[in-house]
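The block underneath contains the structure these notes are about, expressed in structure tokens.
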Amino acid sequence: MSQALTLARPYARAAFAIAQDENGLSVWSSALGFAAQVAADPRAASLLLNPQLTHAEAVSLLSVDGAGESFTRFLALLAENRRLAQLPEIVALYEQLKAEAERVVKATVTSATELPAGELDVLKAALKKRFGREVEISTAVDASLIGGAVIDAGDVVIDGSLKGKLSRLQAALAQ
């Protein structure tokens, strides 16, 4: 496990607990996403590391209108503990906790060509049945797959690509 994730985990859990207590999972998700996007920008990252930048100025740079006082206090805590650089990792972990709480599986479908909406709907229904949860699908195209698709749903990877099938056949023939 990377050190960045280890450092980010308690902050992500704290953010999730606060957001859940406030019934504001989506608000916090958006606010954290914005703050992480700003913190990940190379220009902003160098500014955030500048010792002349006060904690209040850093919080002001990363805050979102309407996110609430608790979110501002959370950013201030990150600034005090010099953890603003971990915002992208904090967001990733927060989103995992949020998906678990909302019983949502996030799946990425990578195919050789763009999949029609109808096929995505059938795939989404099949994954919902398999996992017993709602499924959010994002898509990607990788022409090197030749045909078929690879579905990555957290801990489960289903390789139905022609490239994968050829690799498995090659390994079986080599034995």
Side-chain angles (χ1 to χ4, degrees), residues 1-110 123-124 126-140 142 149-159 164:
M1 182 178 308
S2 78
Q3 183 179 4
L5 285 176
T6 302
L7 293 172
R9 181 167 281 111
Y11 294 102
R13 287 182 179 155
F16 179 76
I18 295 166
Q20 200 169 34
D21 287 347
E22 296 177 349
N23 289 324
L25 291 176
S26 294
V27 172
W28 272 70
S29 181
S30 298
L32 281 169
F34 171 80
Q37 192 172 14
V38 172
D41 182 272
R43 295 168 296 184
S46 65
L47 178 63
L48 291 171
L49 294 173
N50 186 332
Q52 294 178 331
L53 184 73
T54 67
H55 295 320
E57 291 169 334
V59 169
S60 176
L61 177 69
L62 299 171
S63 291
V64 177
D65 289 338
E69 180 63 31
S70 57
F71 182 75
T72 304
R73 286 194 312 269
F74 178 75
L75 287 178
L77 178 71
L78 292 177
E80 282 177 36
N81 293 320
R82 301 191 189 321
R83 297 289 184 248
L84 291 173
Q86 271 77 42
L87 270 166
E89 291 83 8
I90 291 169
V91 170
L93 292 169
Y94 175 89
E95 290 299 328
Q96 287 176 0
L97 293 168
K98 181 177 176 259
E100 278 296 314
E102 294 176 340
R103 298 199 39 81
V104 173
V105 174
K106 295 186 180 200
T108 302
V109 178
T110 306
L123 189 57
K124 185 175 183 177
L127 290 172
K128 182 177 178 179
K129 183 177 178 182
R130 177 174 181 167
F131 293 115
R133 297 177 173 200
E134 286 300 315
V135 178
E136 289 181 7
I137 293 182
S138 60
T139 60
D142 180 358
V150 177
I151 302 166
D152 184 351
D155 295 338
V156 177
V157 176
I158 303 167
D159 187 349

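For the numbers below, each heavy atom of this structure counts, side chains included, while hydrogens, waters and symmetry mates do not.
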Roughly how far, to the nearest 0.5 Å, is the CG atom of L84 from the CG atom of L53? 9.0 Å
Does a side-chain heavy-atom distance below 4.5 Å link R73 with E69? yes
What I'd like to find out is whether the side chain of V104 reaches to under 4.5 Å of the side chain of R133, using heavy atoms alone. no
Is there a donor-acceptor pair closer than 3.5 Å between any side-chain N or O of S30 and the backbone N or O of S26? yes
Roughly how far apart are E57 CD and L48 CG, rounded to 0.5 Å? 11.0 Å
Return the CD to CG distance between E89 and L87, rounded to the nearest 0.5 Å. 9.0 Å
For V105 and R130: C-alpha separation, side-chain torsions, deciding distance, then whether side-chain contact (heavy atoms from CB on, under 4.5 Å) applies. CA-CA 11 Å; V105 174; R130 177 174 181 167; over 6 Å; no
In terms of heavy-atom contacts, A39 and L62 come closest through N-CD2, 4.0 Å
Just wondering, do I90 and L78 contact through their side chains at under 4.5 Å, heavy atoms? yes
Kindly indicate, with the supporting measurements, whether the criterion side-chain contact (heavy atoms from CB on, under 4.5 Å) is fulfilled by F131 and V156. CA-CA 10 Å; F131 293 115; V156 177; 3.9 Å; yes
How long is the straight-line distance from CG of L123 back to NZ of K128, given to the nearest 0.5 Å? 14.0 Å
Between S138 and K106, is a side-chain contact (heavy atoms from CB on, under 4.5 Å) present by the stated rule, with each step listed? CA-CA 8 Å; S138 60; K106 295 186 180 200; over 6 Å; no
Do L75 and T72 have side chains that approach each other closer than 4.5 Å (heavy atoms only, starting at C-beta)? no
How many angstroms lie between CG in L32 and CZ in F71, if you round to the nearest 0.5 Å? 4.5 Å
Could you pull out the closest heavy-atom pair between L25 and Y94, with the gap in Å? O-OH, 2.9 Å
Could you check if a side-chain atom of L93 sits within less than 4.5 angstrom of a side-chain atom of Y11, using non-hydrogen atoms only? no
Measure the shortest side-chain to side-chain distance between Q86 and R9 over non-hydrogen atoms and say whether it is less than 4.5 angstrom. no
If you count heavy atoms of other groups shown closer than 6.0 angstrom to CD of Q37, is the number above 12? no
W28 and K98, any side-chain heavy atoms less than 4.5 Å apart: no
Taking the side chain as every heavy atom from C-beta outward, state whether V38 and L61 have any pair of such atoms under 4.5 Å apart. yes
State the CG-OG distance between L77 and S70, to the nearest 0.5 angstrom. 12.0 Å
